[in-house]
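Within every chain, numbering begins at 1; the chains are lettered A, B, ... in the order of the sequence lines, protein sequences first and strands thereafter. In this text the structure is predicted, and so the values were computed from the model without any measurement.
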Protein chains: 2
Amino acid sequence: MASGRRTIKDVARLAGVSLGSASRALSGANNVSEDTIARVQRAAASLRYRPNHAARSLRSRSTKTIGCMFSDLSNPLYARLFGTLEDRLAREGYVTLISNTSNQLDREIRTLKLFTERGLDALIIAPAHERNRELNEFIEHLPMPYLILDREMLVKADTILFDHAAGIAQVVDHLAELGHTRIGLVTANLKSRPGRRRIAAFKAAVRAHGLKLSDENLVLPESSMSSAYDDVIKMLSRKDRPTSIIVQGTGVLSSTMNAIARLGLRIPDDISLVSIGRADFILNHVPAISTLRVDYEKLSEEITARLFERLGNGNGRKPPLRRLFPYVFEVRGSSTAPPRE
Amino acid sequence: MASGRRTIKDVARLAGVSLGSASRALSGANNVSEDTIARVQRAAASLRYRPNHAARSLRSRSTKTIGCMFSDLSNPLYARLFGTLEDRLAREGYVTLISNTSNQLDREIRTLKLFTERGLDALIIAPAHERNRELNEFIEHLPMPYLILDREMLVKADTILFDHAAGIAQVVDHLAELGHTRIGLVTANLKSRPGRRRIAAFKAAVRAHGLKLSDENLVLPESSMSSAYDDVIKMLSRKDRPTSIIVQGTGVLSSTMNAIARLGLRIPDDISLVSIGRADFILNHVPAISTLRVDYEKLSEEITARLFERLGNGNGRKPPLRRLFPYVFEVRGSSTAPPRE
DNA sequence: ATGAAAGCGCTAACAC
DNA sequence: GTGTTAGCGCTTTCAT
């Protein structure tokens, strides 16, 4: 079967043209005759010819491949972003290579080495270890353009940061306006930026409204896949329990909903709920869940725009870009309501 | 930066050896002196040398890459399988390239073309269109070994099929033994094998127990992401509603749980529930949900074993393999109980 | 154990 | 518009 693989040489011979003409005909260059194109294409089709990507990228110095490094693809939030991004890049003729690192440092470094060896054209990365020296140094020496997603690395580079502060503030504003004075937060206590920022932003927003900030209204499981069940049960069983909660839309959310159901509480009658991130598994929830989410279409657009800017010739050492990307607060109306009292 | 990329030539020059020796030293051949190896490695490190994968695979005719084609990676079941598979293959030095096709025929064909162009070493595929002629023909002419996952294609090839019949039968047996006489099924009405087989197996198993098979106990939403909420509400509001249900562990499951909670039913007191597939979002559910699942570790093992068998020299036209892969019924005890009456 | 040289399949530069 | 040729970076002969 390896020997059965046809090369462009075979195509050229069958079409009765030179190797160069065959290449031009196949790649849609402008200086080829209609006739040549037709004959070459017919020859290629009849031979089931498929260009050899290794040879092509060795010569052209482009792999037409973009690498993505996330912590975990089964995180429903990332899975959705990746899907959108893949579609967007495919339209541009790029393949997306993704890698899960499970937040492990050695896997992050190994992944970047791999991406380098494979000569990927550009990268989109969200490393877990923002202050690790070795990782930062490696990233700094990356030979291709790259974009950092919602991480504050030591190295100065193109970065898109989610505006957690403004996003969370919007939600807290909304709940406070409805009359809620006791607001809870349920989110993984991550060391990386999203975790840090979310918690800090929540505290700041609650204080800004002159509400008292009780640690008892904070449920911070270790990871996004941890169960928040027991702690949420405890939090919502208190006499002065929060009347509204903001919940990270991962495994944390499903265990929270589980706890709410178990306590016989109704959304929004007994408790208002807002999800951070629009997880697939609550997409059809009844009632619809208000969500603080990122517009993945727009984000993909933004990411590709930045990447292609660097990929083009306009890469002449423009200063690193730092962009704050907004959240969208999608009030579905039915998951939040004024507190009863 | 492109010009900054070091080649093996640079390494050889700095180490003071020939290009060939440098290659041998780096690839750990046996006919190199310790001294050479040391000097070459030092040179490589100081130059931050990274081998060029395109050149390597052009020459060696191996990309060390395995392609996976699934319908949808945000399907929690597939996401988990992919993660396991990726880890397993990485340990063998292979990179995994995945592609979502969203069950679209043109994307499936485009993906296979892409995989061919990139010269992937082997493929794992689960096409949606099992009887499409063009697709089958394309697959038949694939130049690399491939393995078909739970699909009955026209083309005869290595195939691993999930044993839906035995799996579903096990669950129905369990429920029948507990005394359930009215058992429901909630699963996407897919055209592809998993959908077809699940529904057929359910009907057969119910009949085998002499139970009456009521269409009213079948909820078959269009896709795995569809909401089953309204239909489950309807099904469980009937006087003679099922006392136990088997539910596909995707978006279908979350909307079903949503409906159960809304009706104020308790698991397992009011209704027994078994999930098909162990979705992340119910991993920590209270009570634990009994699950009919595939052992992804074992499956990954099986898949890699098959693939490497074909990849090795033992590929001499052994007849296509057809393997029935078992489900594991994990009774968590607490989500199923005898019906009350 | 080492160096020299061929060549993987392709694109791009150069002649005409 | 077309043919010829060089060479991308590497592995793998073949001499020595």
Side-chain angles (χ1 to χ4, degrees), chain A residues 1-41 43-44 47-65 93 116-121 143-144, chain B residues 1-41 43-44 47-64 93 116-121 143:
Chain A
M1 75 184 72
S3 63
R5 264 311 246 304
R6 305 309 182 160
T7 77
I8 199 169
K9 234 167 156 173
D10 300 319
V11 174
R13 192 176 325 116
L14 181 62
V17 299
S18 76
L19 185 153
S21 291
S23 172
R24 283 186 287 259
L26 256 12
S27 66
N30 49 357
N31 47 352
V32 213
S33 73
E34 290 297 322
D35 181 55
T36 305
I37 292 182
R39 287 164 60 201
V40 168
Q41 283 183 341
L47 289 176
R48 292 180 178 282
Y49 167 73
R50 302 263 97 218
N52 179 317
H53 179 257
R56 176 176 283 181
S57 63
L58 176 58
R59 180 66 235 229
S60 68
R61 332 197 67 88
S62 160
T63 52
K64 287 286 184 182
T65 308
T116 307
E117 288 181 9
R118 300 230 164 183
L120 303 201
D121 292 347
M144 73 286 277
Chain B
M1 77 183 70
S3 63
R5 266 309 249 304
R6 305 308 185 161
T7 77
I8 200 169
K9 233 167 158 175
D10 300 318
V11 175
R13 195 177 321 117
L14 181 64
V17 299
S18 75
L19 187 153
S21 291
S23 172
R24 284 184 285 258
L26 256 12
S27 65
N30 48 357
N31 47 352
V32 214
S33 74
E34 289 297 323
D35 181 55
T36 304
I37 293 182
R39 288 163 58 198
V40 168
Q41 282 182 343
L47 288 176
R48 293 180 178 283
Y49 167 73
R50 304 260 98 220
N52 179 315
H53 180 257
R56 178 175 282 182
S57 63
L58 177 57
R59 180 67 234 230
S60 67
R61 331 198 67 89
S62 161
T63 52
K64 285 286 181 184
T116 307
E117 288 180 9
R118 301 228 163 185
L120 302 202
D121 291 347

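Phosphate proximity of D:dG9 to B:Arg6: absent, as no side-chain N or O sits under 4.0 Å from OP1 or OP2. Regarding contacts with the backbone of D:dT2, a side-chain N or O of A:Thr36 is found under 4.0 angstrom from either OP1 or OP2. OP1 or OP2 of C:dT11 sits under 4.0 Å from a side-chain N or O of A:Ser23. Within the structure, every side-chain polar atom (N or O) of B:Thr7 is placed at least 4.0 Å from both OP1 and OP2 of D:dG9. Between A:Ser60 and C:dA12 there is no side-chain N or O to OP1 or OP2 distance below 4.0 Å. Within the structure, a side-chain polar atom (N or O) of B:Ser18 is placed less than 4.0 Å from OP1 or OP2 of C:dG3.
A straight line from CD1 of A:Ile8 to C1' of C:dC8 spans 14 Å, rounded to a whole angstrom. Across the protein-nucleic acid pair, A:Leu26 atom CG and C:dT11 atom P stand 8 Å apart, rounded to whole Å. For B:Arg118 and C:dC10, the CZ to C1' distance is 15 Å, given to the nearest whole Å. The CZ atom of A:Arg13 sits 12 Å away from the P atom of C:dC10 (whole-angstrom rounding). Spacing between atom CG of A:Leu58 and atom P of D:dC10 amounts to 9 Å, rounded to whole angstrom units. Taking atom CG on B:Asn30 and atom P on D:dT12, their separation rounds to 12 Å, with Å as the unit. The CZ-P distance, from B:Arg50 to D:dC10, rounds to 12 Å in whole Å. For the pair B:Arg5 CZ and D:dG7 P, the computed distance is 21 Å after rounding to whole Å.
Of all heavy-atom pairs between A:Thr63 and A:Leu120, the closest is OG1-CA, 3.4 Å. Of all the heavy atoms in A:Leu26 and A:Ala44, the pair that sits closest is CD1-CB, 4.4 Å.
In the set C:dG9, D:dG1, C:dT11, C:dT11 carries the atom at the smallest distance from any side-chain atom of A:Arg56. Nearest to the side-chain atoms of B:Arg59 among the listed nucleotides C:dG9, C:dA1, C:dG7 stands C:dG7. The B:Ala55 side chain lies nearest to D:dG9 when the options are D:dG9, D:dT2, C:dC10. The side chain of A:Leu19 has C:dT11 as its nearest neighbour among D:dG3, C:dT11, C:dG9. Listed nucleotides C:dC8, C:dC10, D:dT2 differ in distance to B:Arg61; the shortest reach to its side chain belongs to C:dC8. Of the candidates D:dG9, D:dG3, C:dC10, the closest approach to any side-chain atom of A:Val17 belongs to D:dG3.
Between the side chain of B:Arg6 and the main chain of B:Tyr49, no donor-acceptor pair closer than 3.5 Å is present.
Each of B:Glu34 and A:Ser27 has a nearest nucleotide on DNA chain C; the 5'-most of these lies closest to B:Glu34.
Between the side chains of A:Thr65 and B:Arg118, a donor-acceptor pair is found at a separation under 3.5 Å.
At the heavy-atom level, B:Asn52 lies under 4.0 Å from the strands shown only through sugar-phosphate atoms.
One distance of note links CZ of B:Arg13 with CG of B:Leu47; it measures 9.5 Å at 0.5 Å rounding. The distance from the CD atom of A:Glu117 to the CZ atom of B:Arg50 is 4.5 Å, given to the nearest 0.5 Å.
Judged by distance alone with a 3.5 Å cut-off, a donor-acceptor contact links the side chain of B:Arg24 to the base of C:dG3.
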